[in-house]
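Only one structure is covered here, and it is reproduced in the block below.
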Amino acid sequence: MEKAQNIKDLLEWYISAGVSETCGDTCLKILSAQENSFQSPVRQATTNLSQNKIASAQNARELCTQAQSLAELKTLVSNFQGCSLKLTAKSTVFGDGNPNASLMIVGEAPGADEDRMGLPFVGRSGRLLEKMLSAIGLKREDVYITNVLPWRPPGNRTPTDAEVSICLPFLKRQIELIKPRLLLLLGGSAANALLDNSDSISRLRGRFLEYQTSLTTSVPALASFHPAYLLRNSAQKAKAWSDFLRILKKLKEN
Ligand code: URA
């Protein structure tokens, strides 16, 4: 059981370091030779990885309490060394937009364009998001946009649970500092991470749920389809449109 977990950790580590395919057993033979001569580096690496994950998540939580402003938090995230995604990403992509926004939008992770430009939602998905916002009378500058992860996963793969739990404190602190009236969670990763729920996005979308902040208050949160998914499944755009209308209605309340 422990061995299976070590293998899973090792594979996650390879994927997060950018390995996208295997090529026969040559590598295994090399590792076996190394294991004999360097006292099992594979086992050492995976044991450290499990311990590091827990330590990194705790480290991120502790660091976050020190950040009293978005600028301080941005510096902390940029200097954080506890997430291996940083090794393969070009940029740290922090949140962007109006720090006094009523509406905060959370996506999954930067893609290639975002990684290159250092800003969230500036590629194809971002352009669709901006069109959808404009359809309810909002501009990009009116809202605050961020992601669960500040670093691009190699090849845009889905973030692992470990990466999400290491980076989640940074997102939660952004929410505390922005104090939005509403959260719009785009896609399953954002919805699952903030609503602490593993349901599919199809089940979660379309109704207001509560995001519980660590300050004993809660923020209404609506999950909807990720724009990248809508680009591939345009038949779902009607549902996303009804979600955006719900957001508009709620913003007009009070
Ligand atoms: N997809 C996301 O989830 N976030 C981005 O910033 C870009 C694409």
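Counting convention: from 1, in listed order, for ligands and their atoms alike. Position 1 is the first residue of the sequence, and the numbers go up from there. In what follows, every heavy atom counts, from backbone to side chain, and hydrogens, waters and symmetry copies are set aside.
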**Report entry** Side-chain hydrophobic cluster, 4.5 Å single linkage: members besides L87
**Finding:** none

Report task. May I ask you to decide whether R124 forms a salt bridge with D113, counting only side-chain N to carboxylate O separations under 4.0 Å? Result -> no

Query raised in the report: So, are R127 and E130 salt-bridged, with charged N and O less than 4.0 Å apart?
Result: no

Report task. Determine whether the side chain, the backbone, both or neither of A228 has a heavy atom under 4.0 Å from any heavy atom of ligand 1. Result -> neither

Requested in this report: Quick one: look at E114 and ligand 1, take heavy-atom pairs under 4.0 Å, and tell me if it's side chain, backbone, both or neither.
Outcome: side chain

For ligand 1, is there an N or O atom under 3.5 Å from any N or O atom of [X]?
X: P110; result: no
X: N147; result: yes
X: G107; result: no

Query raised in the report: Does any N or O in the side chain of N98 come within less than 3.5 Å of the main-chain N or O of Y144, such that one atom is a donor and the other an acceptor?
Result: no

Query raised in the report: Within a strict 4.5 Å, meaning less than it, do heavy atoms of the V148 and V106 side chains meet?
Result: yes

Query raised in the report: Do W241 and V143 share a hydrophobic cluster, counting only Ile, Leu, Val, Met, Phe, Trp and Tyr and linking them when any side-chain heavy atoms are less than 4.5 Å apart?
Result: yes

Which atoms of ligand 1 are found less than 4.0 Å from any heavy atom of [X]?
X: H226; value: 1 (N), 2 (C), 3 (O)
X: P120; value: 6 (O)
X: E108; value: 2 (C), 3 (O)

Query raised in the report: Quick one: nearest non-hydrogen protein atom to atom 8 (C) of ligand 1, plus distance?
Result: A109 O, 3.8 Å

Query raised in the report: Heavy atom of G123 under 4.0 Å from ligand 1?
Result: no

Requested in this report: Count the heavy atoms belonging to other residues, nucleotides or ligands that lie under 6.0 Å from CG of D196, then report whether that count exceeds 12.
Outcome: no

